[in-house]
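This report concerns only the one structure given below.
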Amino acid sequence: MKRLTDYAGDYLQTADWKILALLKTCLFAVGLGIGCLVPEKHRKPVFLASLGVYLLTYLPLMARFFWVVLRGGKRMPPDRAARDYVR
């Protein structure tokens, strides 16, 4: 698993915003496909769970983005805590 996360980290370091946009579009399409397969009686819980995950991931990403904007577009140092957690 550690090797896989190292490969993912190396891949992301070489990716630009266009590659990340393609990756996100691909994952969105997979999510839509899975969502279409959910039976009617289970759609509401699945929707609420996905909404929770969305909010838990989107809000920190936007907070980080606005922090960069407020700093005048200067690059942010990598999250050391995130790197240490994965390794």
Side-chain angles (χ1 to χ4, degrees):
M1 189 65 165
K2 181 186 178 329
R3 185 176 290 176
L4 184 60
T5 57
D6 288 343
Y7 290 148
D10 293 344
Y11 176 79
L12 289 175
Q13 286 181 354
T14 63
D16 63 353
W17 69 270
K18 297 172 203 164
I19 298 296
L20 293 177
L22 285 172
L23 180 64
K24 291 179 75 113
T25 303
C26 176
L27 291 174
F28 176 71
V30 168
L32 278 177
I34 292 171
C36 289
L37 298 174
V38 175
E40 184 77 34
K41 65 180 181 176
H42 298 296
R43 283 196 186 151
K44 188 172 183 179
V46 169
F47 171 75
L48 293 175
S50 67
L51 179 63
V53 170
Y54 172 79
L55 291 175
L56 287 173
T57 56
Y58 184 75
L59 293 176
L61 288 172
M62 286 299 99
R64 184 180 177 107
F65 174 75
F66 288 124
W67 188 82
V68 169
V69 170
L70 291 174
R71 290 194 63 206
K74 295 180 182 172
R75 286 186 177 240
M76 227 180 156
D79 273 340
R80 186 172 208 165
R83 272 189 303 161
D84 293 341
Y85 177 74
V86 171
R87 292 180 185 194

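It should be emphasised that the depicted structure is a prediction, and the values quoted were computed from it without experimental measurement. Scope of the values below: all heavy atoms of this structure, side chains included, with no hydrogens, waters or symmetry mates.
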Side-chain donor-acceptor contacts of residues 10-18 below 3.5 Å, not counting sequence neighbours, with atom names and distances?
{"unit_1": "T14", "atom_1": "OG1", "unit_2": "Y11", "atom_2": "O", "d": "2.8"}
{"unit_1": "D16", "atom_1": "OD1", "unit_2": "K18", "atom_2": "N", "d": "3.4"}
{"unit_1": "D16", "atom_1": "OD1", "unit_2": "I19", "atom_2": "N", "d": "3.2"}

What donor-acceptor contacts under 3.5 angstrom involve side-chain atoms of residues 33-49, with partners at least two apart or in another chain?
{"unit_1": "E40", "atom_1": "OE1", "unit_2": "R43", "atom_2": "NH1", "d": "3.0"}
{"unit_1": "R43", "atom_1": "NE", "unit_2": "V38", "atom_2": "O", "d": "3.1"}
{"unit_1": "R43", "atom_1": "NH2", "unit_2": "V38", "atom_2": "O", "d": "3.3"}

Legend entry - Residues that, via side-chain heavy atoms closer than 4.5 angstrom, fall in one hydrophobic cluster with Y7: none
Legend entry - F28: hydrophobic cluster co-members (side-chain, 4.5 Å): L32
Output side-chain donor-acceptor pairs under 3.5 Å for residues 51-63, partner residues at least two apart or in another chain, one line each.
{"unit_1": "T57", "atom_1": "OG1", "unit_2": "V53", "atom_2": "O", "d": "2.9"}
{"unit_1": "T57", "atom_1": "OG1", "unit_2": "Y54", "atom_2": "O", "d": "3.0"}

Legend entry - salt bridge (charged side-chain N to carboxylate O under 4.0 Å, His left out) pairs, two or more places apart, involving residues 20-37: none
